[in-house]
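Here is the structure we will look at.
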Amino acid sequence: MKTADLINRLTVDLKPVDYRRASRALGLAFAAGSLAAVAAICLTLGLRPDLREPHALGFLLLKLVFAAGVAATAFLLLLRFARPGQARRSSNLVAALPFVGIVLLAALDLYVTPGAQWAALIAGHAWPKCLVIIPVMAAVPYALMVLALRWGAPTDLWRTGALAGLLAGGVSASAYALACGDDSLPFVACWYSSAILMCGLIGGMLGQRLLRW
Amino acid sequence: MKRQEGALRLMMEQAQLGDATAYRTLLEQLSSLLRAYMRSKLTQMGRNVADAEDVVQEVLLAVHTRRDTYDPSEPFTPWLYAIARYKLIDHLRRSKMAHAEGPLDAAEAMSDGFDHTAVESGIDMEKLLATIPQHSQRVIRDVKLDGRSVAEAAAREGITEAAAKVRIHRGLKAMTVAIGGRLWREDR
């Protein structure tokens with residue numbers, strides 16, 4: 001086909017479009033993914049029983065600030081990565097901030113704790129559970145984000161996929177925090193971070209295939 | 001490029017609102033911008049310049065189907081060239097795969113697009129031929145210079161027709177790479 005013919009075809013019956021559609025789709029997917037993750041945790045593991053205690057509540061909030069912070073920064077970056085030509089202008093390092101924050105807090109906590117207790121602080125009660133459940137529960141939010149990205153046009157598939165994975169991991173970790181009874185900063189810094197980063201890595205690798213257009 | 005940006009951006013905003021006239025002008029201007037871009041990229045990479053128009057059309061199509069991903073508060077040219085790069089890489093990946101799966105078609109396409117006059121005018125064919133393996137040289141000389149059929153050339157070499165096509169394809173490709181830089185400079 002000649003290029004002039006193609007242009008003729010494309011300009012016939014031109015419909016107005018809404019440039020906000022991609023962002024809206026991503027926002028909806030984010031919300032739906034969060035609901036799905038919370039519902040899944042409530043139905044399977046159940047909320048932690050000691051939520052009335054201030055200590056437990058405080059740690060829950062801290063975990064939420066970290067995990068939801070990861071999800072929120074990944075979401076803000078995704079809004080740009082979903083559109084061609086905007087990825088390079090955004091600073092990707094923002095995504096690392098929540099991780100740096102939690103690792104610093106954990107280091108401080110270890111500094112003031114005698115070395116003999118470190119192992120217990122880091123290992124907690126259920127680190128393998130944390131490491132398995134967060135990535136598994138991230139599957140649904142990730143799938144929703146990948147679907148929503150079809151309304152966008154990502155050109156850096158690895159990074160876009162990795163951000164979708166981080167977002168899903170953050171959402172999933174926030175939901176898991178509702179059930180998780182391990183209250184120590186080094187535990188969160190070690191296992192929550194690892195689980196979320198694993199989601200990002202898998203998300204990036206899958207993204208290269210799933211996000212093509 | 002800077003001067004174009006303002007005009008292109010305005011037309012794109014109009015097109016997003018459904019203005020077909022602005023959209024037509026935009027696509028026409030984009031196609032000439034993209035044509036220049038694809039030609040220079042393909043020659044730079046030593047690939048078949050005849051593919052440029054295909055990639056231009058792929059980008060125009062992508063601009064059309066994804067025209068709602070342009071945010072009017074952002075500059076337009078980075079949006080366009082991000083799509084152009086993405087589609088170019090996509091094209092290169094696919095044409096590489098096509099070579100691996102069906103070298104026969106690719107050999108034909110490659111020899112059709114091979115511009116003898118451009119080569120003969122400025123570059124010594126013998127010198128260029130000398131840069132590729134001898135068995136490819138003989139087949140290319142037979143088919144492309146002496147006008148024998150592929151079947152004849154294959155018979156003279158004692159190989160199958162398919163193998164002859166593969167040799168032609170590889171040889172021409174190597175020669176295209178060898179002259180790529182030079183043709184590109186002449187284009188400008």
Side-chain angles (χ1 to χ4, degrees), chain A residues 1-29 76-92 145-161 207-213, chain B residues 5 8-9 11-35 38 52-90 93-94:
Chain A
M1 185 172 38
K2 289 226 174 80
T3 303
D5 295 335
L6 177 70
I7 294 179
N8 282 337
R9 253 198 239 181
L10 296 182
T11 47
V12 171
D13 195 24
L14 183 71
K15 299 235 166 26
V17 290
D18 184 356
Y19 71 90
R20 283 161 300 199
R21 204 175 59 153
S23 308
R24 218 160 30 216
L26 288 171
L28 270 176
L76 290 178
L77 288 174
L78 263 185
L79 289 178
R80 310 204 113 243
F81 273 78
R83 296 175 192 274
Q86 289 196 26
R88 229 181 315 173
R89 301 177 23 167
S90 46
S91 63
N92 310 337
M145 291 316 286
V146 167
L147 276 180
L149 281 165
R150 287 180 184 262
W151 275 277
T155 51
D156 187 341
L157 302 190
W158 201 92
R159 287 202 175 83
T160 310
Q208 283 178 306
R209 302 204 146 265
L210 299 177
L211 296 173
R212 271 192 208 161
W213 55 279
Chain B
E5 163 69 26
L8 295 177
R9 191 166 170 173
M11 285 189 278
M12 185 63 181
E13 281 174 43
Q14 295 301 314
Q16 284 187 327
L17 298 173
D19 180 344
T21 325
Y23 191 43
R24 166 178 289 277
T25 323
L26 175 72
L27 290 184
E28 277 160 4
Q29 293 194 11
L30 294 190
S31 60
S32 65
L33 280 176
L34 291 168
R35 197 168 294 127
M38 292 307 167
E53 205 58 29
D54 286 346
V55 195
V56 168
Q57 294 191 2
E58 275 170 44
V59 178
L60 289 178
L61 205 58
V63 163
H64 180 73
T65 54
R66 308 281 159 155
R67 65 191 188 279
D68 61 343
T69 65
Y70 170 65
D71 179 345
S73 64
E74 298 283 336
F76 175 75
T77 13
W79 180 82
L80 174 70
Y81 283 101
I83 295 181
R85 261 192 307 276
Y86 180 76
K87 285 294 167 187
L88 176 63
I89 292 168
D90 201 40
R93 193 195 297 123
R94 265 186 291 127

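None of the values given here were measured: they were computed from a predicted structure.
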**Top of A:Asn8, A:Leu10, A:Thr155, A:Leu6 for chain B proximity - count of heavy-atom pairs under 4.5 angstrom** = A:Leu10
**Item:** Shortest non-hydrogen contact from A:Leu14 toward B:Ala15
**Value:** CD2-O, 3.7 Å
**Message:** With a 3.5 Å distance limit and no angle check, can you tell me whether B:Arg66 reaches the backbone of A:Gly152 through a side-chain donor-acceptor pair?
**Reply:** yes
**Prompt:** Side chain, backbone, both or neither: which part of A:Arg212 has a heavy atom under 4.5 Å from chain B?
**Reply:** both
**Request:** Could you go through the side-chain contact (heavy atoms from CB on, under 4.5 Å) check for A:Thr3 and B:Leu60 one step at a time?
**Result:** CA-CA 9 Å; A:Thr3 303; B:Leu60 289 178; 3.7 Å; yes
**Message:** At a heavy-atom distance under 4.5 Å, which candidate from B:Ile89, B:Asp90, B:Asp54, B:Asp68 has the highest pair count against chain A?
**Reply:** B:Asp68
**Asked** Do other residues, nucleotides or ligands put more than 12 heavy atoms under 6.0 Å from A:Arg159 CZ?
**Response** no
**Under 4.5 Å from any heavy atom of chain A - which part of B:Asp19** = backbone
**Prompt:** If only atom types and distance count, is the side chain of A:Arg83 paired as donor or acceptor with the main-chain N or O of B:Thr69 below 3.5 Å?
**Reply:** yes
**Prompt:** Who pairs with A:Thr11 by side chain to side chain contact (heavy atoms under 4.5 Å, CB included), at least two apart in sequence or on another chain?
**Reply:** A:Ile7, B:Tyr23, B:Arg24, B:Leu27
**Fill in**
Taken in chain and number order and not counting sequence neighbours, the residues that satisfy side-chain hydrogen bond (donor to acceptor under 3.5 Å, both in side chains) with A:Lys15 are A:Asp13
**chain A contact via B:Leu17 - side chain, backbone, both or neither, heavy atoms under 4.5 Å** = backbone
**Prompt:** About how many Å separate CZ of A:Arg9 and NE2 of B:His64, when rounded to the nearest 0.5 Å?
**Reply:** 11.0 Å
**Request:** Would you check if the side chain of B:Tyr86 reaches a backbone N or O of A:Trp213 as a donor-acceptor pair within less than 3.5 Å?
**Result:** yes
**Prompt:** How many angstroms lie between CG in B:Asp71 and OH in A:Tyr19, if you round to the nearest 0.5 Å?
**Reply:** 5.5 Å
